[in-house]
Amino acid sequence: GDSGQTSLVDGKLVPKFHSRVHAYGDVDELNSALGVFKQTLHGSPELSELNAILFRIQNHLFNIGSLLACEDQEVLKKLPTLSTTHIEWLEKQIDLFNQPLPTLKEFILPGGQESAAWAHMSRTICRRAERNVAEIHMNSQNVDVYRNPLVYLNRLSDFFFTTARWIHFKTKTPEIKWDSKA
């Protein structure tokens with residue numbers, strides 16, 4: 001790695017600025033942010049149900065990262081996948097967390113309660129990862145491999161936004177509204 005190259009899962013050497021390295025690096029950064037996000041939940045019984053969900057998401061992100069770190073079609077077949085079942089589960093979580101929330105009528109700013117702030121940070125990292133995965137998806141000869149990870153990341157950023165709002169709701173913390181005249 002000291003020469004500016006790194007190995008993909010399939011053993012292929014690529015430059016450290018390769019699009020795949022950007023994509024799986026962003027997914028890894030997101031996973032690390034989730035580790036911090038989870039730590040902020042300790043001592044908050046009203047938020048404890050998020051722990052198991054975030055743990056599951058972290059495992060899904062590892063699956064996505066391994067797929068992004070591989071170009072060889074035969075090796076890809078042996079790696080864990082991300083299925084529509086994973087996406088459906090995530091969409092169900094979004095619906096459950098969104099259910100008690102008041103209708104959003106204004107833009108809100110990231111921040112507020114610490115866990116909510118980490119949910120927003122995770123959302124923005126997720127959006128960057130999604131953009132980089134979109135490049136892999138569009139340039140791949142096997143677009144089917146990356147379609148579900150791309151959809152999952154898109155939904156995941158929605159999950160983080162909804163979760164930030166839910167955290168504020170559960171902790172009775174006011175959301176910070178955008179003031180265009182500030």
Side-chain angles (χ1 to χ4, degrees), residues 1 4-10 12 14-41 50 53-71 76 79-84 86-91 93-94 97-98 104 107-168 175-176 178:
Q5 293 190 314
T6 191
S7 295
L8 297 178
V9 169
D10 54 23
K12 180 180 178 184
V14 297
K16 290 196 176 193
F17 52 84
H18 191 277
S19 59
R20 286 187 179 279
V21 178
H22 280 288
Y24 72 70
D26 287 341
V27 170
D28 188 37
E29 182 181 345
L30 174 57
N31 214 336
S32 295
L34 291 187
V36 178
F37 182 6
K38 282 173 45 180
Q39 286 303 115
T40 68
L41 301 173
L50 276 173
I53 294 166
L54 294 178
F55 175 77
R56 189 167 180 186
I57 290 169
Q58 284 186 296
N59 282 284
H60 296 168
L61 291 174
F62 256 84
N63 290 1
I64 292 171
S66 68
L67 294 170
L68 293 169
C70 185
E71 288 184 343
L76 274 169
L79 295 176
T81 61
L82 200 82
S83 70
T84 56
H86 295 101
I87 296 166
E88 290 164 0
W89 171 82
L90 187 57
E91 289 172 339
Q93 302 312 306
I94 294 167
F97 282 89
N98 196 42
L104 187 60
F107 288 107
I108 60 170
L109 298 177
Q113 198 271 359
E114 183 181 14
S115 296
W118 274 102
H120 280 295
M121 178 63 79
S122 299
R123 174 185 56 81
T124 60
I125 297 168
C126 188
R127 285 288 187 203
R128 180 170 15 101
E130 179 188 1
R131 290 188 299 271
N132 284 319
V133 172
E135 181 181 358
I136 303 297
H137 172 69
M138 293 179 81
N139 293 328
S140 175
Q141 295 174 354
N142 188 356
V143 294
D144 289 340
V145 172
Y146 307 105
R147 183 180 335 271
N148 284 342
L150 182 60
V151 171
Y152 185 89
L153 289 170
N154 179 271
R155 301 302 188 280
L156 186 58
S157 62
D158 293 341
F159 169 79
F160 291 132
F161 180 79
T162 302
T163 300
R165 294 196 67 223
W166 179 84
I167 290 168
H168 281 148
E175 293 181 311
I176 306 165
W178 173 42

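Computed over heavy atoms, backbone and side chain alike; hydrogens, waters and symmetry mates excluded. If you read the sequence from its start, that first residue is 1, and numbering goes on from there. Predicted, not measured: the structure shown is a model, and the values here were computed from it.
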Which pair of heavy atoms, one from Q113 and one from H168, lies closest together, and at what distance? N-NE2, 3.1 Å
How long is the gap from NE2 on H18 to CD on Q5, to the nearest 0.5 Å? 10.5 Å
Can you find a heavy atom in the side chain of L54 that is under 4.5 Å from one in the side chain of L41? yes
Between W89 and I57, is any pair of side-chain heavy atoms under 4.5 Å apart? yes
Apply side-chain contact (heavy atoms from CB on, under 4.5 Å) to the pair L156 and L30, showing each step before the final yes or no. CA-CA 11 Å; L156 186 58; L30 174 57; 3.9 Å; yes
Please assess V14 against T6 for the test side-chain contact (heavy atoms from CB on, under 4.5 Å), listing each intermediate value before the final yes or no. CA-CA 6 Å; V14 297; T6 191; 4.1 Å; yes
Could you give me the CA-CA distance, side-chain angles and deciding distance for V27 and N132, then say whether side-chain contact (heavy atoms from CB on, under 4.5 Å) is met? CA-CA 9 Å; V27 170; N132 284 319; over 6 Å; no
Taking L82's backbone N and O only, do any of them form a donor-acceptor pair with N63's side chain (distance below 3.5 Å, no angle check)? no
According to side chain to side chain donor-acceptor pair (under 3.5 Å), who are the partners of H22, at least two apart in sequence or on a separate chain? none
Are the side chain of N59 and the backbone N or O of F55 linked by a donor-acceptor pair below 3.5 Å? yes
Where do C126 and L153 come nearest, in terms of heavy atoms and distance? SG-O, 3.2 Å
Side chains of S157 and R123: donor-acceptor distance under 3.5 Å anywhere? no
Which value, rounded to the nearest 0.5 Å, describes the distance between I87 atom CD1 and H60 atom NE2? 10.5 Å
Work out which heavy atom in L67 is nearest to a heavy atom in T81; give both atom names and the distance. CD1-CA, 4.3 Å
Check this for me: does any side-chain nitrogen of one of R155 and D158 sit under 4.0 Å from a carboxylate oxygen of the other? no
Is the gap between the ring centers of F97 and W166 under 6.0 Å? yes
Closest non-hydrogen contact found for V21 with K16 is CG1-O, 3.3 Å
Give, for atom CG of L61 and atom CZ of R56, the distance between the pair rounded to the nearest 0.5 Å. 12.5 Å
Heavy-atom check, side chain of R127 versus side chain of N154, under 4.5 Å: yes
Please walk me through it: do F107 and W178 pass ring pair (Phe, Tyr, Trp, His ring centres under 6.0 Å)? CA-CA 5 Å; F107 288 107; W178 173 42; 5.5 Å; yes
State, with a plain yes or no, whether a side-chain heavy atom of L34 is found less than 4.5 Å away from one of F160. yes
Indicate yes or no for a side-chain donor-acceptor contact from Q58 to the backbone of N31 under 3.5 Å, with no hydrogens or angles considered. yes
Can you tell me how far the NZ atom of K38 sits from the OG atom of S122, to the nearest 0.5 Å? 11.5 Å
Side-chain contact, heavy-atom cut-off 4.5 Å: L76 with V9? no
Within a strict 4.5 Å, meaning less than it, do heavy atoms of the L68 and Y146 side chains meet? yes
Hey, is the main chain of E135 close enough, under 3.5 Å, to the side chain of N139 for a donor-acceptor pair? yes
Test item: R20 side-chain N/O and C70 main-chain N/O as donor-acceptor pair under 3.5 Å: yes
Please find the pair of heavy atoms, one from Y24 and one from G65, that lie closest to each other, and give the distance. CB-O, 3.8 Å
In terms of side-chain heavy atoms, does Y152 have a donor or acceptor partner in H86 at a distance below 3.5 Å? no
Could you tell me which non-hydrogen atom of R165 sits nearest to which non-hydrogen atom of I108, and how far apart they are? CG-CD1, 3.8 Å
Output for pair (L150 CG, R131 CZ), nearest 0.5 Å, gives 12.5 Å
